[in-house]
Structure formats: structure tokens, C-alpha cells
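Worksheet: one structure, shown below.
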2 protein chains.
Amino acid sequence: MDRQEQFKALIKHKGLKVTQQRLLVLEVLESHHDTHMAVEDIYDLIRKDHPDVGLATVYRTVQLLLEMQLIDRIYLNDGCVRYELGHLFDGGHKHNHHHLICKTCNKVISFKEDLLERLEQQIEKTEAFRIDDHELKFYGQCKECIRKEDGK
Amino acid sequence: MDRQEQFKALIKHKGLKVTQQRLLVLEVLESHHDTHMAVEDIYDLIRKDHPDVGLATVYRTVQLLLEMQLIDRIYLNDGCVRYELGHLFDGGHKHNHHHLICKTCNKVISFKEDLLERLEQQIEKTEAFRIDDHELKFYGQCKECIRKEDGK
DNA sequence: TTCATTGCAAATTATTTGCATTTGA
DNA sequence: TCAAATGCAAATAATTTGCAATGAA
């Protein structure tokens with residue numbers, strides 16, 4: 001069962017309807033799976049082929065997908081709210097938000113790494129806090145920006 | 001030199017003025033150093049004793065403190081923007097944002113931990129990205145909420 | 001058919017800005 | 001004195017909501 005089928009099943013199971021608009025939002029997020037998209041970005045891409053989809057619908061759909069935990073909300077430090085396809089679609093294994101954020105060009109690089117498990121275990125013990133999920137951002141400079149700065 | 005003196009010196013050095021309002025914002029952040037405050041929270045606290053300080057001034061001051069890197073902006077996943085006293089005031093050592101966020105009661109617990117250094121080194125090598133700072137959030141349930149849920 | 005969903009426009013919320021007035025150095 | 005800072009109100013930006021029309025089951 002591919003993502004779209006999975007999504008349709010989930011939607012129906014909730015007693016909701018599978019609409020063109022919902023599929024479009026999902027499609028856009030799927031095809032930009034490597035980036036982090038603001039609602040306006042999603043809206044603009046949908047508009048190209050479907051000019052009469054409303055912005056409010058995109059907001060509502062994003063909200064819905066978020067509640068269904070199919071997408072994740074990301075706050076980078078530029079103040080913009082962005083979204084990306086969530087982990088449930090990646091086979092349901094444990095979720096990780098790992099981002100390298102360049103403070104010069106604002107590029108965001110995602111990476112996968114599971115070295116935090118030991119730390120989590122330690123924290124669960126010392127803080128008596130059950131950890132379900134984590135989000136880790138490193139701020140610094142990407143190689144392109146380091147190179148440019150050196151060249152000055 | 002205490003924080004306030006340090007702040008006055010920095011402000012003057014920039015050719016800016018030490019005003020009552022700026023001191024008030026700093027004071028509020030200092031006395032709530034354990035929490036993360038929204039601009040409105042800061043404004044409300046200041047208002048109690050100084051009813052004619054304007055909200056716009058608080059926004060402007062927070063902006064200024066942020067640029068001076070004296071405070072840090074935090075995005076929790078409830079969509080609210082909050083601020084806390086930054087690391088420069090803690091002696092200038094390397095900055096860490098470590099938060100445990102309870103998904104049930106939204107309580108935020110801060111913790112200090114430097115186990116990420118090895119991971120940073122590895123990433124600097126494999127991704128060719130220079131890391132200046134990081135931010136780590138663990139989402140889960142705090143002990144109080146675990147207890148309450150068990151008691152149901 | 002029937003109720004969820006949509007598009008639109010208006011409302012709301014958070015934040016910023018223009019400007020006349022005030023104030024710190 | 002005099003530019004920087006302030007308070008207020010108006011402007012802007014992001015998001016949400018009310019409602020009549022539309023569309024999926």
C-alpha cells in the first residue's frame with residue numbers, strides 16, 4: 001500500500017472524506033519531501049495547476065495532517081513555520097528531527113543519526129521523564145558559506 | 001559586575017541609551033530566569049508596576065536584546081514564541097538549549113548536558129558543516145502526568 | 001440525499017511601523 | 001541641546017472562522 005492509499009484509508013477511518021484538495025496537499029509534500037515547506041509554498045505549488053483551491057483549505061488540510069501525525073511542524077529560527085512529511089509514512093519507526101541550519105544562508109540540511117539513544121535513556125532515569133520523540137538542531141555554517149567567507 | 005551593569009555597559013558601547021523600559025524588560029527576564037516567556041507575559045508583568053509602558057516598546061526591547069544575543073528565542077511546539085535569558089550572561093560558555101517538553105501539560109523542563117560534543121565533531125566531519133550552537137528538545141511525558149494517567 | 005468540505009471574505013492574533021512627543025547623555 | 005527612544009494608533013502579516021455553495025459517499 002503506497003502513501004496515498006494509506007492516507008485514504010486513514011481519512012476514511014476517521015469518517016472524513018477524501019477530497020481532491022487533501023490529495024493535492026499530500027502530493028506536494030511528497031514531491032518536496034527533502035525540503036521544509038511553509039503553507040504559502042504549498043499553496044503556490046497547488047495553485048499552478050489548480051488555481052481555485054483556497055488558501056484557507058490548505059491551512060485546514062495542513063492542520064488535519066498535523067493532527068493525524070502524518071506531517072511535522074518545524075520552527076527554524078527565522079520565525080517561519082514549516083511542515084514536512086512525518087515519520088509514520090517512513091515505516092513507523094522512531095521519529096527524528098535532525099537539522100543543520102546555516103546561519104548565513106539559512107539552508108537547512110537534514111540528517112539521520114541515532115546516537116541520541118544513550119542520552120535519552122540517561123535522561124529518562126535522572127529526570128523521570130518519558131521521552132517519545134526529539135528534535136535536534138545544529139546552527140552554524142555550511143561548507144559553501146565557509147568557502148565564500150574565506151574568499152573575501 | 002552584575003548582569004545589570006554588564007547590560008548597561010553593552011548598551012552604552014553600542015551608542016544606545018539606558019532607559020527605564022530596557023532595564024524593566026531585563027529585570028523581568030532575570031526574575032523569571034527559569035521559565036520561557038512570551039512577549040505578552042513580559043508586558044503584563046511590567047504593567048503591574050509601570051502601567052504606561054507600551055507593548056511596542058517591549059517588542060522593540062526584546063528585538064534589541066535578541067540582536068545583542070543577551071536573550072534567546074524559543075519555539076515550543078504550541079506555536080508560541082518565547083524568550084529566555086541567554087548564555088552570554090552565564091559566563092559566555094557554549095550555548096545549549098536543552099528542553100524536556102511534556103506533551104500532556106506543556107511544562108518545559110530545562111536541563112544541562114554536554115554529551116552532544118562527540119556527535120557534533122562527527123557531523124562537522126561528515127557533513128562539512130561548522131557547528132556553533134545547538135538546540136535539543138525531547139518530547140514526552142513528565143512524571144506528574146505519567147502518574148495522573150496511571151491513576152485513571 | 002446529506003453532511004463534510006470548500007472558497008471567499010471578514011475576523012482575529014501577533015508583530016511592526018509612522019509619527020509626534022518625551023527623555024537620557 | 002538633540003538624536004534616540006517611547007507611546008499610541010494605524011498598518012501589516014499570518015492564521016482562523018462564519019457562512020452559503022459545492023461535492024463525496
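Just so it is clear: chains get the letters A, B, ... in the order the sequence lines come, proteins before strands, and each one is counted from 1.
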Applying a 4.0 Å non-hydrogen cut-off, can you work out what A:Glu40 is touching in the nucleic acid: base, sugar-phosphate, or nothing?
nothing
Taking distance alone, no hydrogens or angles, what donor-acceptor pairs closer than 3.5 Å link side-chain atoms of residues 9-24 of chain B to residues at least two apart or in another chain?
residue: B:Thr19; atom: OG1; partner: B:Arg22; partner atom: N; Å: 3.2
residue: B:Arg22; atom: NH1; partner: B:Lys17; partner atom: O; Å: 2.8

Taking atom types as modelled, is there a side-chain donor on B:His134 or B:Glu120 under 3.5 Å from an acceptor on the other?
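Present: a donor and an acceptor within the cut-off.
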Axial bend angle, the helix from C:dT1-D:dA25 to C:dA25-D:dT1: five-pair end segments, nearest 10°
40°
Only one of B:Val25, B:Val81, B:Leu55 clears side-chain contact (heavy atoms from CB on, under 4.5 Å) with B:Val39; which?
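Between B:Val39 and the candidates, side-chain contact (heavy atoms from CB on, under 4.5 Å) is satisfied uniquely by B:Leu55.
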Check this for me: does any side-chain nitrogen of one of B:Lys107 and B:Glu144 sit under 4.0 Å from a carboxylate oxygen of the other?
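Yes, this pair counts.
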Strictly below 4.0 Å, N to O, side chains only: are B:Arg130 and B:Glu124 in salt-bridge contact?
no
Among pairs that include at least one residue of residues 35-52 of chain A, which meet salt bridge (Lys or Arg N to Asp or Glu O under 4.0 Å), considering only residues two or more places apart or in two chains?
none
Transitive ILVMFWY side-chain link B:Tyr139 to B:Ile146, under 4.5 Å:
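Different hydrophobic clusters.
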Would you say that A:Thr57 contacts A:Tyr43 through its side chain, given a criterion of any heavy-atom pair below 4.5 Å between the two side chains?
no
With the side chain counted from C-beta on, respond yes when B:Tyr75 and B:Lys137 share a heavy-atom pair under 4.5 Å apart, and no when they do not.
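Yes; the side chains approach each other to less than 4.5 Å.
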Which of residues 50-65 of chain B have a heavy atom under 4.0 Å from DNA chain D?
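Residues of residues 50-65 of chain B under 4.0 Å from DNA chain D: B:Asp52, B:Val53, B:Gly54, B:Ala56, B:Thr57, B:Arg60.
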Identify the pairs formed between an N or O of the protein and an N or O of nucleotides 21-24 of chain D at a distance under 3.5 Å, and give each distance.
residue: D:dG23; atom: N2; partner: A:Lys17; partner atom: NZ; Å: 3.1
residue: D:dA24; atom: N3; partner: A:Lys17; partner atom: NZ; Å: 3.4

Interatomic spacing from CD1 in B:Ile123 to NE2 in A:His98 - rounded to 0.5 Å
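Spacing of CD1 (B:Ile123) from NE2 (A:His98) equals 8.0 Å.
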Rounded distance [0.5 Å steps], CD1 in B:Ile101 versus CD1 in A:Ile131
11.0 Å
Could you list where the contact with chain B starts and ends along DNA chain C, reading 5' to 3', using a 4.0 Å heavy-atom cut-off?
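Contact boundaries, 5' end first: C:dA14 to C:dA25.
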If you assign each of A:Gly15 and B:Lys12 to its closest nucleotide in DNA chain C, which residue comes earlier from the 5' end?
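It is A:Gly15, whose closest nucleotide lies nearer the 5' terminus.
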d([atom1], [X]; [atom2], [N]) in whole Å:
X	N	atom1	atom2	result
A:Arg82	D:dT15	CZ	P	11 Å
B:Lys14	D:dA5	NZ	C1'	14 Å
A:Ile42	D:dT15	CD1	P	11 Å
A:Tyr83	D:dT15	OH	C1'	9 Å

Give a yes or no answer on whether the side chain of A:His50 reaches the backbone of A:Ile46 with a donor-acceptor pair at less than 3.5 Å.
no
Pair B:Arg82, B:Met37 - check side-chain contact (heavy atoms from CB on, under 4.5 Å), show working.
CA-CA 5 Å; B:Arg82 295 204 177 74; B:Met37 319 245 306; 5.8 Å; no
